[in-house]
Amino acid sequence: MKLPDMRQRSKKSANTQESRKESYIQAPLVDVPNKISIQENNDNRIDEPVVEAQSAAEDDERVDLEAAVANPRVVPGTKDVLITDYVNKLEGSILAQKQHFHGATNERQSAVVAAFKHSWAGYKKYAWGHDNLKPLSQSSHDWFGLGLTIVDSLDTMYIMGLEDEFSEAREWVSNFLTFDVNRDINLFEVTIRILGGLLSAYHLSGDKMFLSKSLELGNRMLPCFLSPSGIPFSDVNLGSMSAHSPKWSPDSSTSEVTTIQLEFRDLSRSTNISIYEKASHAVNKKVHALEKPDGLVPIFINANTGTFRNYATISLGARGDSYYEYLLKQWLQTGRKPDDFLIVDYMRAIDGVLTKLLRRTPKEQHVYIGELINGKDFKPKMDHLTCYLPGTLLLGHKFGMPTSHLLLARDLLETCYQTYMRQPTQLAPEISHFALTTNEEQEIYVKPNDAHNLLRPEFVESLYYFYAITGNRTYQDMGWNIFQAFEKHTKVAYGYTSIGNVKHIFNTRLRDMMESFWLGETLKYFYLLFSDNRKEIDLDKWLFNSEAHLVPFRNH
Ligand code: DMJ
């Protein structure tokens with residue numbers, strides 16, 4: 001596969017743009033099979049079991065869930081088998097194999113490691129054991145009270161070969177990470193960051209302590225699934241083990257309830273305890289059964305009724321994004337079965353993106369993904385969050401998705417790059433807006449309230465996939481430009497900070513917050529992007545979850 005040099009493509013001739021447009025139209029849209037053969041051991045197969053059988057199974061699952069939440073320190077389905085005893089007795093092929101990494105091998109990777117160490121030093125000095133570092137005020141912030149930055153950083157340190165830092169973090173997790181915290185946490189955030197971080201640390205290091213911690217956390221999050229519909233409540237108190245909708249709304253976010261399955265399935269398959277996979281896969285089934293015009297989902301769903309909110313926005317940005325990501329990644333995780341409803345839903349959804357959400361700016365023909373406000377009114381705005389999509393599309397294409405996905409991936413990657421390069425800071429804003437008519441002065445512009453940059457990873461993530469899959473080093477150069485912009489505008493004495501304004505190099509408005517995903521995701525993807533070995537992580541064996549934590553492919 002040969003991709004063009006993106007740096008030279010900002011103002012291509014109308015001819016080229018026309019032929020690109022053509023290629024979308026000519027590319028085959030998804031061919032959804034009418035009759036699909038059933039394979040054994042495929043719980044995601046399209047021809048669902050009959051409804052009565054399903055509800056009987058649901059009743060049983062609910063009883064199991066209720067029993068499981070009675071004591072989070074014991075193994076579900078047992079009265080008194082302690083998690084640590086159970087995990088210590090696990091043996092054989094189910095166990096993780098220790099992985100080996102050699103550390104930085106070139107200057108760019110060394111610069112990323114230095115950025116990581118600088119961030120870590122500030123966090124250690126002023127925020128150790130707290131969720132986030134506030135690097136300007138030299139203080140800390142707690143969101144969940146779970147030492148978020150430590151857990152989110154574990155596998156990054158492991159991959160970078162930072163053995164001492166990994167060991168001190170491991171000791172903190174072993175001795176001080178406790179989930180008996182009387183505080184509401186968000187199911188999605190804690191799943192992708194903490195559960196994902198612990199599982200990834202387990203898979204890379206082979207250290208069973210991380211698996212025991214994962215199991216207790218998994219148990220404490222199970223109350224979320226005891227909603228009337230099985231669509232999980234968004235929030236749970238890990239101490240009292242009671243779950244509920246967010247305080248501000250009766251609804252959960254669609255992307256949140258559909259971005260927990262990789263981790264819960266991995267927990268089940270790493271332990272042979274099926275309850276986590278069952279509860280989270282039930283959510284897949286429910287969402288699959290709902291009507292989704294053009295395969296696209298409204299961004300809110302009600303945990304009591306199990307239905308989408310009427311007239312909710314459709315977006316591949318906030319609250320919608322990773323629904324699409326996890327359709328593909330779950331299919332990859334479970335052995336790429338052809339009759340899996342998850343991949344059929346993914347292909348339908350990308351067709352829906354192509355036909356309903358994709359637009360080009362009128363003069364320069366930048367491709368972007370807009371939103372449907374109230375589910376119908378097109379709005380030409382794209383969150384930076386959507387810049388994960390080029391990477392995910394390319395990953396899908398590597399595993400057989402159609403050419404239309406590849407073409408969209410390439411064009412969208414370029415637009416995302418422009419959202420960085422057009423700013424004086426060369427850092428992207430949180431949200432970009434696009435011209436609809438030729439009368440508008442700028443083709444890509446930023447509104448004052450959207451001009452912040454939170455050190456987010458999505459575009460670097462996509463660059464990583466493009467480099468890892470194609471081997472084209474152009475993507476490394478693009479990433480290096482952005483890394484240098486982060487160095488210049490977000491590095492402070494005791495870490496790196498979010499900024500309030502990417503539009504002015506002398507007025508960036510430092511925000512005093514170092515998000516955990518800076519260490520967990522952004523720096524990890526930079527490090528892997530700059531690797532001399534593009535297969536440092538083998539994408540035929542490993543998946544990155546939505547927070548860049550690694551889970552292995554599972555065929556059983
Ligand atoms: C991360 O927590 C994850 O990447 C999530 O999927 C989206 N938001 C942040 C990073 O931007």
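Given the structure is predicted, the values throughout are model-derived calculations rather than measurements. Because only heavy atoms are used, hydrogens play no part in the values below, and waters and symmetry mates are left out as well, while side chains stay in. We count ligands from 1, going down the list as the structure has it; atoms in each ligand are counted the same way.
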Report, one line per pair, each donor and acceptor closer than 3.5 Å where one atom sits in a side chain of residues 194-202; sequence neighbours left out.
residue : atom : partner : partner atom : Å
Ser200  : OG   : Asp155  : OD2          : 2.6
Ser200  : OG   : Leu550  : N            : 2.9
Tyr202  : OH   : Ala96   : N            : 3.0

Option among Lys524, Glu515, Glu521, His549 that satisfies the side-chain contact (heavy atoms from CB on, under 4.5 Å) test with Asp152 |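 Answer to the side-chain contact (heavy atoms from CB on, under 4.5 Å) test with Asp152 among Lys524, Glu515, Glu521, His549: His549.
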
Residue among Asp266, Leu543, Asp538 satisfying side-chain contact (heavy atoms from CB on, under 4.5 Å) with Pro552 =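 Result for side-chain contact (heavy atoms from CB on, under 4.5 Å) with Pro552: Asp266.
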
Please identify each residue that fulfils disulfide bond (SG atoms under 2.5 Å apart) with Cys387, with sequence neighbours left out.
->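 Partners of Cys387 by the disulfide bond (SG atoms under 2.5 Å apart) criterion, ordered by chain and then number, come out as Cys416.
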
Side chain proximity check, Tyr323 to Val287, heavy atoms < 4.5 angstrom |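 Yes. Closest side-chain heavy atoms under 4.5 Å.
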
Kindly write out the residues that satisfy salt bridge (charged side-chain N to carboxylate O under 4.0 Å, His left out) with Arg319, not counting sequence neighbours, or none if the list is empty.
->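 Listed in chain order: nothing, the list is empty.
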
Neighbour list for ligand 1 [protein residues, heavy atom under 4.0 Å] =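 These residues qualify: Ile192, Arg193, Leu385, Arg456, Pro457, Glu458, Phe517, Glu521, Ser546, Glu547.
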
